[in-house]
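Each chain gets a letter, A, B and so on, in the order the sequences are listed, and its residues count up from 1. Keep in mind that this is a model prediction, so the values were computed, not measured.
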2 protein chains.
Amino acid sequence: MIPPIPRPTIYDVAARAGVSKSLVSLVLRGSANVSPSRRRAVDAAIEELGYRPSRAASSLAGSRSRTIGVVIDDFGNPWFVDLLRGLRSVLDPEEFHVTVADLQLDAVSGRNPVDGFLAMHAEGLVLAAEPEPAMLERLTIPTVVAGSRECIPSGADIVATDDVLGARMALQHLFALGHRSIGHLTGRSGAARLRLAGYRESMSEAGLPALVTGELGGTTEGAGYAAAGELLDDHPGVTAIFAANDTMALGALAALRERGREVPRQVSVAGYDNTAIAAASYLNLTSVDNHSDDIGVDAARALLARIGDPEREPRHILRKPSLVTRSSTTKPPP
Amino acid sequence: MIPPIPRPTIYDVAARAGVSKSLVSLVLRGSANVSPSRRRAVDAAIEELGYRPSRAASSLAGSRSRTIGVVIDDFGNPWFVDLLRGLRSVLDPEEFHVTVADLQLDAVSGRNPVDGFLAMHAEGLVLAAEPEPAMLERLTIPTVVAGSRECIPSGADIVATDDVLGARMALQHLFALGHRSIGHLTGRSGAARLRLAGYRESMSEAGLPALVTGELGGTTEGAGYAAAGELLDDHPGVTAIFAANDTMALGALAALRERGREVPRQVSVAGYDNTAIAAASYLNLTSVDNHSDDIGVDAARALLARIGDPEREPRHILRKPSLVTRSSTTKPPP
DNA sequence: TGGATTTTTTGGAGCGCTCCATAAATACGC
DNA sequence: GCGTATTTATGGAGCGCTCCAAAAAATCCA
């Protein structure tokens with residue numbers, strides 16, 4: 001368990017391979033100007049000694065940490081997994097290290113994840129959460145905001161899917177099925193606000209009244225349950241419910257069952273995010289897919305571009321979502 | 001966006017505060033032997049310059065990275081969130097940095113998370129996943145295995161809940177309700193294997209035949225759906241299904257509905273892990289709670305103890321799970 | 001009041017690397 | 001064959017800290 005010998009350093013490798021430490025460094029960084037024989041010798045020495053370069057030393061000496069920080073909202077809400085996958089598909093080949101911090105968990109101990117990334121000299125930041133504006137002070141590294149957020153640090157790139165459009169797509173689908181009395185469950189978040197806007201626009205264009213609940217609540221399953229309950233009590237006539245996300249939709253299902261309303265025969269339900277929840281065959285929820293993996297890819301590219309050229313004008317990429325139709329939505333009862 | 005001035009260093013702070021760099025370092029590390037006036041001056045300078053100590057430099061110089069690596073299996077399966085919370089509740093006050101790597105995501109780009117942590121000089125490792133044995137080679141830092149795992153690196157501490165007991169508790173509950181024909185959905189994982197063992201023991205003690213499916217599959221929702229389908233086709237008489245985890249139980253619900261079997265009136269369903277899935281009021285699944293947050297607390301303590309005393313004998317802590325009874329289980333039909 | 005303690009402060013060495021300027025080895029051209 | 005270009009290889013400086021030994025300042029006690 002204890003390292004019998006202290007960790008080998010680049011000097012140990014050099015000695016073993018019979019070369020200079022600089023040559024080892026060259027091999028480590030994959031320089032082209034190393035003779036094959038030396039390279040083999042160094043590789044062998046590395047292998048034999050079980051040498052691993054020290055990140056701390058290389059980032060200190062090279063003034064490049066090759067680290068990208070990702071701030072997400074809550075590990076418990078797995079929408080970020082696809083985002084991460086997308087980010088890494090671009091960043092891994094470039095030998096960047098992606099580290100993730102969760103705003104919720106950090107908040108418990110009063111930590112500031114942005115500070116943490118700054119302390120580790122992260123070369124770039126992906127904001128996939130709604131951070132406190134105070135956290136963004138002195139944010140001097142390339143930053144890209146992923147997803148729709150309330151508070152955008154100046155100079156940051158933005159990569160998001162069009163949540164207004166996504167909501168409109170869901171509504172379009174419900175209209176096409178024949179629904180006219182459609183309620184919406186919202187909550188306090190940047191994304192929810194835009195989805196609400198899309199809902200309002202669609203309803204108003206169709207000449208229908210907006211039926212919205214949950215404006216003051218969160219976007220959790222419990223909040224969805226509460227908001228749906230309120231909606232159903234105030235407007236018993238709704239034939240469809242569009243929720244700001246899948247978890248809220250799950251909550252709505254409970255509220256509906258409690259009131260003896262069958263889904264989708266009596267009431268259709270649509271969610272947002274196309275998470276595993278929506279895809280589970282037991283639930284099989286119609287949901288708007290915001291293609292987080294693509295967002296991740298674009299965000300990573302934007303970051304790389306900005307790291308390469310800090311003077312680059314911030315860009316704003318808005319992707320199109322798509323609707324995944326499943327069995328939770330159907331025609332309204334006659 | 002661009003740092004107008006290069007990041008301030010400890011020297012800049014020292015100059016501004018009119019003290020030596022060593023004194024600044026002392027303040028940074030909270031030494032007791034600093035006069036209040038100097039401390040104030042240094043703190044003010046730090047604030048004014050927006051100084052943040054460089055992690056790379058301090059871990060290089062101090063040969064302490066104050067970093068703990070956590071290896072989890074899959075960000076998509078949020079059982080680890082409570083574990084993380086528990087870990088951090090202990091590690092944060094000790095000024096440790098907890099960083100998480102996901103085996104699935106790392107595998108995509110052929111990375112080895114353990115290697116990564118070793119490269120960043122992590123002082124300790126929490127294995128909350130089933131890593132390849134190859135990853136554990138030359139694992140020379142304090143390690144604690146969290147949860148029931150197949151492959152335990154020698155010398156590691158182990159902190160887990162008793163999965164055999166957990167399974168027995170679930171079965172006890174089903175027996176008490178009057179069930180006799182109980183099927184089990186399993187999968188390939190260390191935890192699943194133990195839960196299977198608990199199931200087998202309980203059934204055999206009760207003189208009942210074990211009805212198990214899914215032995216060759218994973219532990220996902222889809223795997224649960226498939227295994228439950230198989231179980232129901234082979235043994236249409238089962239009145240209860242005990243799944244190796246909540247996601248599998250969710251899959252089972254779909255298979256049951258497809259076959260027109262009502263839950264819980266005709267068939268009771270119990271899961272494991274007591275995740276948000278189980279707690280969602282629409283699903284409201286009976287589930288075994290393994291108290292991951294407590295596991296996290298114990299794992300962190302074990303790690304701290306071993307970092308303090310590397311010669312310490314490895315310990316094996318086994319906690320008791322508890323059963324959360326919800327509406328998915330009830331008496332069997334008469 | 002002066003020496004011995006104790007507390008506070010300081011410069012220097014060095015952590016393990018990268019980067020640069022330069023040296024050594026090799027290749028090229030006539 | 002010898003000077004010049006080109007490719008490889010090297011030592012030294014330094015990244016921003018921590019740690020240590022030792023200096024300076026403050027405190028104590030006879």
How many angstroms lie between atom [atom1] of [X] and atom [atom2] of [Y], to the nearest 0.5 angstrom?
X	Y	atom1	atom2	answer
Arg88(B)	Ser109(A)	CZ	OG	4.5 Å
Leu318(B)	Thr161(B)	CG	OG1	7.5 Å
Leu23(B)	Arg39(B)	CG	CZ	9.0 Å

Out of [options], which has the shortest distance to the side chain of [X]?
X	options	value
Leu26(A)	dC17(D), dT10(D), dC17(C)	dT10(D)
Ser58(B)	dG12(C), dC17(D), dT8(D)	dC17(D)
Leu23(A)	dA9(D), dT9(C), dG14(C)	dA9(D)
Val19(A)	dT9(C), dC17(D), dT10(D)	dT10(D)
Ser22(B)	dC17(C), dT9(C), dG11(C)	dG11(C)

Rounded to whole angstrom units, what separation is found between the [atom1] atom of [X] and the [atom2] atom of [N]?
X	N	atom1	atom2	answer
Asp12(A)	dC15(C)	CG	C1'	13 Å
Met120(B)	dG16(C)	CE	P	18 Å
Leu60(B)	dT18(C)	CG	C1'	12 Å
Asn33(A)	dT10(D)	CG	P	14 Å
His121(A)	dT18(C)	NE2	P	16 Å
Arg64(A)	dG16(C)	CZ	C1'	19 Å
Arg52(A)	dC15(C)	CZ	P	21 Å
Arg29(B)	dC17(D)	CZ	C1'	9 Å

Q.
Ignoring hydrogens and geometry beyond distance, is the side chain of Lys21(A) in donor-acceptor contact with the base of dG16(C) at under 3.5 Å?
A. no

Q) Under 3.5 Å, is there an N or O donor on one side and an acceptor on the other linking the side chain of Ser20(A) and the base of dG11(D)? A) no

**Q.** Mutual orientation of the aromatic rings belonging to Phe75(B) and Phe75(A) [parallel < 30°, tilted 30-60°, perpendicular > 60°]
**A.** parallel

When you measure from the side-chain N and O atoms of [X] to the phosphate of [N], is any distance below 4.0 Å, counting only OP1 and OP2?
X	N	answer
Tyr51(A)	dC17(C)	yes
Ser35(B)	dT9(C)	yes
Ser25(B)	dC17(D)	no
Ser59(B)	dC15(C)	no

Q. Can we say Asp12(A) and Arg7(A) salt-bridge, meaning some charged N sits less than 4.0 Å from an Asp/Glu carboxylate O?
A. no

Q: Pick base, sugar-phosphate or nothing for Arg38(B), based on heavy-atom distances below 4.0 Å to the nucleic acid.
A: sugar-phosphate

